[in-house]
Amino acid sequence: MVTLLEETESPSLFTDVMFELDSTPETLEKFEKKALSMLDLLQPNELYRLFYFLARNKRAQSFHLISTIKTKLMSRPIHFDKTKLRNLFFACSVLKVYDERLLTAMSENLLDTLLNDVFQDQQSIALPVLMSCVKLGWNHENLTSLLMKMVETVSTELRPTDRLALLNGIGRLKLKESEKLVKVLMADMTKMKDSNPDLHLQIVKAFTIMRQADAKTVQRVLEKQFYKPLIDSLKGKNKAF
């Protein structure tokens, strides 16, 4: 496989073979050298695949290669479908690529795609992209506003942990909180008080940061009968190690 990687001059074959490589330092060194030599031959779709591969393979995350691919991506107009754009946002968040030009181009491409898409996919596209934006600290107002509206429509279908992550994200990006999401999380908080006190505490914390928690709600998590089981649970976990 390594020999095939070194000998191939076909961009499409190269981006196929790389997913079959092992992760030894020697192989990854040869992969990086070959990737750098082929970048001028790669089309946008192949650059996307290479960028996504680097995000998925932590051992192959070469700063020089990542930076060069980013430059190549920005040298041409970005026109990808919504799945590739979701993966590109994910790759940027994993590889810590915060470049306003690139992220703006990706945001505008995705915004156009979603606005013209009859079959919008809230859970597999909107939520992951929004979470990648949160991780990056990237707020393209038109895109994040649309993503929030899309996610709100399925907020009751999300797991409580996903709803909490979303609410924390709203706080980090300083977005206007969704009244519907807040109501759903308030219902979660009531249910979780006894069954999952740790999650309940996290929700209270999120509400406190957003100034959505009243004094009574905060006081309850400060009472010994609430926090003592949490402390005991942590002690139990520590004994296991």
F51 vs L95, side-chain contact (heavy atoms from CB on, under 4.5 Å): CA-CA, chis, key distance, verdict: CA-CA 9 Å; F51 202 55; L95 300 173; 3.8 Å; yes

Verify salt bridge (charged side-chain N to carboxylate O under 4.0 Å, His left out) between E29 and K33, making sure each step is shown before the conclusion. CA-CA 6 Å; E29 183 179 349; K33 184 177 179 180; over 6 Å; no

Given side-chain contact (heavy atoms from CB on, under 4.5 Å), test D162 with M131 step by step and report yes or no. CA-CA 10 Å; D162 288 333; M131 291 297 96; over 6 Å; no

The test is side-chain contact (heavy atoms from CB on, under 4.5 Å); show your working for F19 and R49 and say whether it passes. CA-CA 10 Å; F19 286 97; R49 294 192 72 199; 3.4 Å; yes

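The number of heavy-atom neighbours closer than 6.0 Å to CZ of R76, taken from other residues, nucleotides and ligands shown, is above 12.
Checked by atom type and distance alone, the side chain of S155 never pairs as donor or acceptor with a backbone atom of V151 at under 3.5 Å. A distance-only check finds no donor-acceptor pair linking the side chain of T104 to the backbone of R101 [under 3.5 Å]. Side-chain atoms of S37 come within 3.5 Å of backbone atoms of K34 as a donor-acceptor pair (strictly under, hydrogens ignored). No donor-acceptor distance shorter than 3.5 angstrom exists from the side chain of S67 to the backbone of F63, with no hydrogens or angles considered.
Between C133 and V129 the shortest side-chain heavy-atom distance falls below 4.5 Å. Contact of the L50 side chain with the L39 side chain is registered, since non-hydrogen atoms from C-beta on lie closer than 4.5 Å.
Atoms NE2 and CD, on H64 and E32 in that order, are 7.0 Å from each other to the nearest 0.5 Å. D99 CG to L136 CG: the interatomic distance, rounded to the nearest 0.5 Å, is 11.0 Å. Note that the CZ atom of F89 and the NZ atom of K82 stand 14.5 Å from one another [nearest 0.5 Å]. Atom CG of residue L103 and atom CD of residue E108 lie 11.5 Å apart, to the nearest 0.5 angstrom. Summarising the geometry, atom OG belonging to S132 is positioned 7.5 Å from atom NZ belonging to K135; distances are rounded to the nearest 0.5 Å. F14 CZ to F31 CZ: the interatomic distance, rounded to the nearest 0.5 Å, is 5.0 Å.
A search for salt bridge (charged side-chain N to carboxylate O under 4.0 Å, His left out) contacts involving R86 returns nothing, not counting sequence neighbours. Annotation: salt bridge (charged side-chain N to carboxylate O under 4.0 Å, His left out) contacts of D112 (sequence neighbours excluded): none. Partners of K224 under the side chain to side chain contact (heavy atoms under 4.5 Å, CB included) rule, at least two apart in sequence or in another chain, are Y227, K228. Every residue meeting the side-chain hydrogen bond (donor to acceptor under 3.5 Å, both in side chains) condition with E157, not counting sequence neighbours, appears here in chain and number order: Q123. Residues satisfying the side chain to side chain contact (heavy atoms under 4.5 Å, CB included) criterion with T161, sequence neighbours excluded, are R159, L199.
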Could you pull out every donor-acceptor pair under 3.5 Å between side chains of residues 40-47 and any protein atom, sequence neighbours left out?
{"residue": "D40", "atom": "OD1", "partner": "K72", "partner atom": "NZ", "Å": "2.3"}
{"residue": "E46", "atom": "OE1", "partner": "Q43", "partner atom": "N", "Å": "2.8"}

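Listed here is the closest heavy atom pair of L88 and Y48: CG-CD1, 3.8 Å. Contact detail for V94 and A55: the closest heavy-atom pair is CG1-O, 3.5 Å. For the pair L36 and L65, the tightest heavy-atom approach, listed with the atom from each and the gap, is CD2-CD1, 3.7 Å. Heavy-atom minimum distance, F80 versus T113: O-OG1, 3.9 Å. In plain terms, the two heavy atoms of L114 and L146 that are nearest each other are CB-CD2, 3.8 Å. Closest non-hydrogen pair, A126 versus L147, comes out as CA-CD2, 3.7 Å.
Taking hydrophobic clusters as Ile, Leu, Val, Met, Phe, Trp and Tyr residues chained together by side-chain heavy-atom distances below 4.5 Å, L28 does not share a cluster with L54.
Ring geometry for H140 versus W138: interplanar angle of 30 to 60°, hence tilted.
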